[in-house]
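Quick note on labels: first sequence line is chain A, next is B, and so on, each numbered from 1.
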Amino acid sequence: GDSVTQMEGPVTLSEEAFLTINCTYTATGYPSLFWYVQYPGEGLQLLLKATKADDKGSNKGFEATYRKETTSFHLEKGSVQVSDSAVYFCALQTDSWGKLQFGAGTQVVVTP
Amino acid sequence: EPEVTQTPSHQVTQMGQEVILRCVPISNHLYFYWYRQILGQKVEFLVSFYNNEISEKSEIFDDQFSVERPDGSNFTLKIRSTKLEDSAMYFCASSDRDRVRKEQFFGPGTRLTVL
């Protein structure tokens, strides 16, 4: 069945470091791909998305490119801040308005 | 900005009791979802709801679970007889019909603790 695999955390970084969180997926057809972020004590917020191959989603300095050939959607940010400390979830959706299927989540800790 | 709200933020109940978790989706949204996250595990889909009926449900969503949209604004998840393993954070989400956005907006969650 469809699934999402993302790198385990926690990932600990210093402020201004480069962040990469790997995400790969298995799906039939052409899913939409998402990154959600969960700040401490809060719900899930959409960070960025891509709906077709080679699309690049971007928001708040984060980017991810939908790579069909490698079935990947890796999240990157060039210079992290302490405020980026959160849990990041990669997710896919195979049907419009259908369920989201999430990866296990990656905790990111950014230290000053 | 409109947001999804959930009540209560934390519910403690005894095993075997019924609980109702409440959600108020964003007002013009038509698609509604429940997910749960057991501590330390991934977010799991429970059920989706559209046009006053269940669109899809997961294996987790057995006969002990039910959903309802009683009054056009609230969207509820009922667990009839709670088990210890139902302890989790439950998230409600909603989405509108916009084919471009298709974003699911999540509420802050209800932490359910079954003792």
Considering all heavy atoms, the nearest Val43(B)-Phe89(A) contact: CG2-CE2, 4.0 Å
Looking only at heavy atoms, which two atoms of Glu103(B) and Tyr36(A) are closest? And how far apart?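 Answer, listing the atom of Glu103(B) first, then Tyr36(A): CG-OH, 4.4 Å.
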Toward chain B, the part of Val87(A) with a non-hydrogen atom under 4.5 Å: neither
Sort by residue number and list every residue of residues 45-56 of chain B having at least one heavy atom under 4.5 Å from chain A.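 Under the 4.5 Å heavy-atom cut-off, Phe45(B), Glu56(B) qualify.
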More than 12 heavy atoms from other groups under 6.0 Å of [atom1] on [X]:
{"X": "Glu59(B)", "atom1": "CD", "answer": "no"}
{"X": "Arg22(B)", "atom1": "CZ", "answer": "no"}
{"X": "Glu16(A)", "atom1": "CD", "answer": "no"}
{"X": "Lys52(A)", "atom1": "NZ", "answer": "no"}
{"X": "Leu39(B)", "atom1": "CG", "answer": "no"}

Can you tell me how far [atom2] of [Y] sits from [atom1] of [X], rounded to the nearest 0.5 angstrom?
{"X": "Lys42(B)", "Y": "Ser3(A)", "atom1": "NZ", "atom2": "OG", "answer": "7.0 Å"}
{"X": "Gln45(A)", "Y": "Glu3(B)", "atom1": "CD", "atom2": "CD", "answer": "10.0 Å"}
{"X": "Leu100(A)", "Y": "Phe106(B)", "atom1": "CG", "atom2": "CZ", "answer": "5.0 Å"}

Report whether [X] and [Y] are members of the same hydrophobic cluster (ILVMFWY, side-chain heavy atoms less than 4.5 Å apart, transitive linking).
{"X": "Phe75(B)", "Y": "Tyr35(B)", "value": "no"}
{"X": "Ile38(B)", "Y": "Val12(B)", "value": "no"}
{"X": "Met7(A)", "Y": "Tyr66(A)", "value": "yes"}
{"X": "Leu75(A)", "Y": "Phe102(A)", "value": "no"}
{"X": "Trp35(A)", "Y": "Leu13(A)", "value": "yes"}

When heavy-atom pairs shorter than 4.5 Å are enumerated against chain A, which of Ser58(B), Ala93(B), Pro108(B) gives the highest number?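 The answer is Pro108(B).
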Does Gln93(A) reach the side chain of Gln104(B), with side-chain heavy atoms less than 4.5 Å apart?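 Yes, at least one pair of side-chain atoms sits under 4.5 Å.
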Which atoms of Gln37(B) approach chain A - backbone, side chain, both or neither, heavy atom under 4.5 Å: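 When you check distances to chain A, only side chain atoms of Gln37(B) fall under 4.5 Å.
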